[in-house]
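Naming convention: chains lettered A, B, ... in sequence-line order (proteins, then strands); numbering from 1 in each chain.
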Amino acid sequence: MKKYYITTPIYYVNDLPHIGHVFTTVLADYIARSKRNLGYDVYFLTGTDEHGQKAEKTAKQTGITPQELADRVVENYYKLWKQLNISYSDFIRTSESRHKKGAAEFFRIVHHNGDIYKGFYEGWYCVPCELILPESTKEEEACPNCGRIAEKKIKEESYFFRLSNYQERLLEYYRSHPGCIKPESRYNEVMRFVESGLRDLSVSRVSITWGVPVPGDPSHIIYVWFDALSNYITALGWSDNDALFKQYWPANIHLVGKDIVRFHCVYWPAFLMSAGIALPETIFGHGWWMMHSAKMSKTLGNVLKPEPLLKMLGSDPVRYFLLREAPLDTDSEISLESIIGRLNADLANDYGNLVSRTFQMIHKYFGGSLNKKPALDTAENSIINAFYSLKNQMDDYCTNLNLAEIFRQTWNIIYLLNKYIDEKQPWAKFKSPDNRDEVEGILYFICDFIRILSILLYPAMPESSTKLMDIFGIKPEEVTLEKTEYGQLPLGVQVPKSLILFPRLDIKEVLKQYEIE
RNA sequence: UGCGGGGUAGAGCAGUCUGGUAGCUCGUUGGGCUCAUAACCCAAAGGACAUCGGUUCGAAUCCGAUCCCCGCUACCA
C-alpha cells in the first residue's frame, strides 16, 4: 500500500486559533482524506508548539506555569479540530516527553556531527518587550514588537548551527529536486535567498528556561526552530520506537504558511542533512487570507473569528469555502459577503438543490425508491465520462494541490446533472404512463450520481456526505473513490422526501448574527 | 537597493511558454421551465487585454522602454 505522510505546522500556544490556522489545517485534512479516498495509507500530523520566551512570559503574567498555559490553550485546538472534523492521526505537543527526548537527541547528533559550536549571540535588546532583536548592521533598530527604538546591545552565550556550511549542498538539492518547494514562486524566493549567502544560526538561549535543555549543558535551552521543526520526526518516534518513522518518513508534504517558508525550506533540510536523515519530498507554502487588503491582525481589528463562523454556517460550508477559494499562490480576500455568495451559489443553489429536487421527484413519482436503471445514451455517457476523467486525474491534482481544478470539474458534473434534468423533463414525461419506466431510469441515473458526488466530496465536506451515504446505505470507511463506478447504487433504496443539505443564507441575517457573536 | 510575481468586461480569475475570431465564475438584463432551497436551464449586454514604441500578413501572447500594484530580502509561530 502506498503511504502518504502529511503535516501542518505546530501552532504556537501563545495565540488563540484564527482563520489562518483553520485554513492550513482544513487544507491538510482535505488532502489527507482525499489520499485515503484514493487508497493511500495516510498519516496526518498536527500539533502545538509550546515552548519559548513568549509563552513563558504570558504564563508569568497570568500567574500560572507555562505547562498550565499550554494545557489550557491546547484545549482550544482540540475543540476546534473536532468541530471541523479534522481527521489527524496524531497530535504532537512539544512539551510531551516523547518530543523532548527526540529533540534533545536530534541536537546531540547534529552536535556530534560537528555542526554545532558555542559562540556569542549579539543583538539590540528591547527592554519593555524583553526581546532580543535580530542581529543587524544598523546603528539603531526598531523593535518589531512595539516599534520603539531599542536602547542597549546585549551579548549572550549561545550555540550556533553551521548553516553557512550548507549553502552549496542546499542549492544542489533544490536544483536536483525542482518539486521540493511549491509553488514555484516560493521555490524561486528560497533559491535567491540561499544564493545570497547564509549565516550561522543561533539555536540556543540562556535567557529562557521553558523548553528542551541542551544535552550536556542544561543552562542552555534549545531555541525555537531547532526544537519546533523536529516535531515532524519525533512524532513518529524517531530515535526511539521508530516503527512509524520507518513506515512514513520522509514526509510527502509539509503544509506551511508563507511566513514560515524559509524555516522549513532552509533550516529544516540543513538540520536533516546534518543528522543524516532523508529530506521531505515537498514543502508547500500557501498564501494568506486578507481582509480589506491587510493581513488579519488583532491590532487592526480585522480578524475573522472561526468560532462564530462555524456556529452560523456549520463545519462543511466553512471547509468548502476555504478550500474552494484557497489562496495557494498568492494572498486572497475574505469577507462574510464573499463567503455567503459562494456558499449560496455552489452549495444551496447548485448542489443542495440538485439533491432536493431529485429526492422530491423520486417521492412524487415512485414513492421514494427506484427499481429500474436507465439505458445509457450520449447524454448519460458524457456525464459518466466527465466523472471518470476527473477520477483519473484526482491523485495528481491532490499531490499538486490543484484544488481549483478538482472543484471546477466537480461543479461541472453538478451543472451537467441539473441541465440533464431540464432537458429530460421527467415531470412532463411522467404524465404519460408509457414513459414511466424511462422517468424511473432518469431518476436512477441522477440519484446514482448524487451517490458518486457524496464520495467525491467526502474529503471536503464529510458531514453532508455522510448524511447522503447513510441514505444510500454505504459507510464512508468502506467506500473509496478509487473503487467507485457508475451504477453501484442498489435498487430499492429509500430516500427521504425532503432534504435541505445546505440552507440558503441571508447576508443581512448573517451579518447581524456575526455582530452578536 | 537587489531578486521575484502581477496589471484582461462591475468583481474575482484563466489564456501569454507553442502569435491567428478574447474565455470562466459571480453580478446585471431578457426569456424558458415549474420537479426544486425566489431554485434550475437558455440567451444577451458589457473589454482599444496598464502605457508607448518595435518585429510580423497578423500580438493579450514575441522584443524594448515607461508607469503602477504585490511578494521576498534571516533567527519574528
Side-chain angles (χ1 to χ4, degrees), chain A residues 9-15 20-21 48-55 121 123 131-136 143-145 158 160-161 163 183-203 205 223-226 228-229 256-263 266-267 285 287-288 290 293 324-325 329-333 337-338 341-342 344-365 404 407-408 411-412 414-415 417-430 439 443 446 498-505:
Chain A
I10 46 176
Y11 305 116
Y12 200 51
V13 289
N14 200 45
D15 274 331
H21 300 119
T48 42
D49 179 12
E50 311 193 339
H51 292 141
Q53 172 167 64
K54 270 198 229 163
Y121 179 81
L131 238 143
I132 300 170
L133 275 39
E135 202 173 331
S136 165
C143 172
N145 199 34
S158 170
F160 283 85
F161 173 75
L163 188 61
E184 210 183 327
S185 52
R186 301 289 161 212
Y187 176 88
N188 292 332
E189 274 173 24
V190 171
M191 284 288 281
R192 296 296 92 79
F193 171 73
V194 175
E195 280 168 5
S196 74
L198 295 175
R199 295 207 295 266
D200 288 350
L201 182 73
S202 162
V203 292
R205 285 288 187 278
Y223 195 54
V224 52
W225 291 107
F226 205 93
L229 288 165
V256 301
K258 66 175 185 178
D259 48 335
I260 51 174
V261 161
R262 154 133 359 112
F263 312 116
V266 182
Y267 302 175
W288 280 335
M290 311 286 273
S293 304
R324 176 68 200 238
E325 310 247 311
D329 295 347
T330 54
D331 298 341
S332 185
E333 286 285 324
E337 287 82 353
S338 64
R342 183 97 243 170
N344 277 342
D346 292 4
L347 296 187
N349 297 353
D350 293 346
Y351 181 35
N353 184 51
L354 170 69
V355 173
S356 171
R357 65 197 299 211
T358 304
F359 284 5
Q360 287 192 49
M361 280 191 279
I362 294 172
H363 261 271
K364 200 166 274 188
Y365 305 144
F407 288 114
R408 194 189 65 73
W411 256 259
N412 184 49
I414 291 171
Y415 159 75
L417 288 166
N418 273 319
K419 190 184 168 86
Y420 177 78
I421 297 179
D422 278 47
E423 283 171 357
K424 291 288 182 181
Q425 301 186 15
W427 58 89
K429 285 200 166 84
F430 189 79
V439 172
L443 292 177
I446 303 159
S498 156
L499 179 66
I500 304 294
L501 267 187
F502 308 101
R504 266 187 80 84
L505 303 158

Please report the distance separating the C1' of B:U21 from the corresponding atom of B:C33, rounded so that it comes out in whole Å. 34 Å

Between B:A77, B:C41, B:C72, which one does the side chain of A:K419 approach most closely? B:C41

Can you list everything that forms a salt bridge (charged side-chain N to carboxylate O under 4.0 Å, His left out) with A:E195? Sequence neighbours excluded, please. A:R192

Expressed in angstrom and rounded to an integer, what is the separation of A:E195 atom CD from B:A74 atom P? 16 Å

By side-chain contact (heavy atoms from CB on, under 4.5 Å), which residues pair with A:N344, not counting sequence neighbours? A:I340, A:A348, A:R504, A:L505

P atom, B:G46 versus B:C3: distance in rounded Å? 44 Å

Once you apply a heavy-atom cut-off of 4.0 Å, does A:L501 come out as touching a base, just sugar-phosphate, or nothing? base

Hey, does the side-chain of A:R357 have a donor or acceptor N/O within less than 3.5 Å of a partner on the base of B:C35? yes

Checking A:Y12 side chain against A:A55 main chain: does a donor-acceptor pair fall under 3.5 Å? yes

Roughly how many Å apart are B:A43 and B:G53, using the P atom of each and rounding to a whole number? 40 Å

Classify A:G197 by what it touches in the nucleic acid, base, sugar-phosphate, or nothing, heavy-atom distance under 4.0 Å. base

Checking B:A77, B:G4, B:C72 against the side chain of A:W225 (C-beta onward), the nearest is B:A77

So, OP1 or OP2 of B:A74: does either fall under 4.0 Å of a side-chain N or O from A:Y223? no

Going by the rule side-chain hydrogen bond (donor to acceptor under 3.5 Å, both in side chains), which residues pair with A:T358 if we only count those two or more places apart in sequence or in a different chain? none

If you compare every side-chain N and O of A:Q53 against the phosphate oxygens of B:C76 (OP1, OP2), does one of them come in below 4.0 Å? no

Remember a base hit wins even if backbone is also touched, and classify A:F193 as base, sugar-phosphate or nothing at under 4.0 Å, heavy atoms. base

Contacts of A:S338 that satisfy side-chain contact (heavy atoms from CB on, under 4.5 Å) - sequence neighbours left out: A:F321, A:S335

Please answer whether the main-chain N or O of A:L163 pairs with a side-chain N or O of A:D200 as donor and acceptor at a distance below 3.5 Å. yes

By the 4.0 Å heavy-atom rule, please label A:Y365 as base, sugar-phosphate, or nothing. sugar-phosphate

Any idea which of B:C75, B:C3, B:A74 is nearest the A:R262 side chain? B:A74

Rounded to whole Å, CZ of A:F263 lies from P of B:C75 at a distance of 8 Å

A:R205 side-chain proximity, nearest of B:C72, B:C76, B:C35: B:C76

Using a heavy-atom cut-off of 4.0 Å across all strands, would you classify A:R186 as base, sugar-phosphate, or nothing? sugar-phosphate

Which nucleotides of RNA chain B pair, in dot-bracket form (Watson-Crick or G-U under 3.5 Å, | meaning another strand): .(((((((.[[[[.)....(..]]]].(((((.......))))).....[[[[[..)....]]]]])))))).....

Which distance, rounded to the nearest 0.5 Å, do you find between the CH2 of A:W288 and the CG of A:D259? 5.0 Å

Taking A:Y420 for the side chain and A:Y415 for the main chain, is one N or O donor matched with an acceptor at less than 3.5 Å? no

Closest of B:A74, B:C40, B:A77 to the A:V224 side chain is B:A77

Residue list, side-chain hydrogen bond (donor to acceptor under 3.5 Å, both in side chains) with A:D346, at least two apart or on another chain: A:Y320, A:R324, A:R342

So which nucleotide from B:C75, B:A77, B:G71 ends up closest to the side chain of A:D259? B:A77

In whole angstroms, how far is the P atom of B:G12 from the CG atom of A:D346? 18 Å

Mind calculating the distance between CG (A:D350) and P (B:U25) to the nearest angstrom? 10 Å

Nucleic acid footprint by protein, nucleotides 27-33 of chain B - heavy-atom cut-off 4.0 Å, B for base, S for sugar-phosphate alone: -----BS

For A:R504 and B:A38, what is the distance between atoms CZ and P respectively, to the nearest whole Å? 7 Å

With the side chain defined as heavy atoms from C-beta on, A:N418 is closest, among B:C40, B:A77, B:C3, to B:C40

Out of B:A74, B:A77, B:U37, minimum distance to the side chain of A:L198 belongs to B:A74

What integer distance in Å separates A:K258:NZ from B:A74:C1'? 17 Å

Checking side-chain contact (heavy atoms from CB on, under 4.5 Å) for the pair A:Y351/A:W411: CA distance, chi angles, key distance, verdict? CA-CA 8 Å; A:Y351 181 35; A:W411 256 259; 4.1 Å; yes

How far, in whole Å, is B:C67 from B:A45 if one measures between their C1' atoms? 32 Å

Roughly how many Å apart are B:A22 and B:A60, using the C1' atom of each and rounding to a whole number? 8 Å

Sugar-phosphate only, base, or nothing, as touched by A:G341 at under 4.0 Å among non-hydrogen atoms: nothing

Which sits closer to the 5' end of RNA chain B, A:I414 or A:R192, going by the nucleotide each is nearest to? A:R192

Between B:U8 and B:C69, how far apart are the two P atoms, rounded to whole Å? 15 Å

Taking atom P in both B:G2 and B:A65, compute the distance separating them and give it to the nearest angstrom. 14 Å

Sugar-phosphate, base or nothing in reach of A:D200, heavy atoms under 4.0 Å: base

Indicate whether OP1 or OP2 belonging to B:A77 is found under 4.0 Å from a side-chain N or O atom of A:K54. yes

Is the glycosidic angle of B:A22 within 90° of 0, making it syn, or outside that range, making it anti? anti

At 4.0 Å (heavy atoms only), tell me whether A:Y351 reaches a base, stays on the sugar-phosphate, or touches nothing. nothing

On a heavy-atom basis, which atom in A:P503 and which in A:L501 lie closest, and how many Å separate them? CD-O, 4.0 Å

Protein-nucleotide distance (A:Y187, atom OH; B:C3, atom C1'), rounded to Å: 15 Å

Contact class for A:S185 vs. all strands (heavy atom < 4.0 Å): base, sugar-phosphate, or nothing? nothing

Integer angstrom distance from the C1' of B:G12 to that of B:G47: 15 Å

So which nucleotide from B:C35, B:A77, B:A74 ends up closest to the side chain of A:H21? B:A77

For A:D422, enumerate each residue passing the side-chain contact (heavy atoms from CB on, under 4.5 Å) test, keeping only those at least two apart in sequence or located in another chain. A:R357

Results of salt bridge (charged side-chain N to carboxylate O under 4.0 Å, His left out) for A:K429 - residues two or more places apart only: A:E438

Rounded off to whole Å, could you give me the CD1-to-P distance for the A:I260 and B:A77 pair? 11 Å

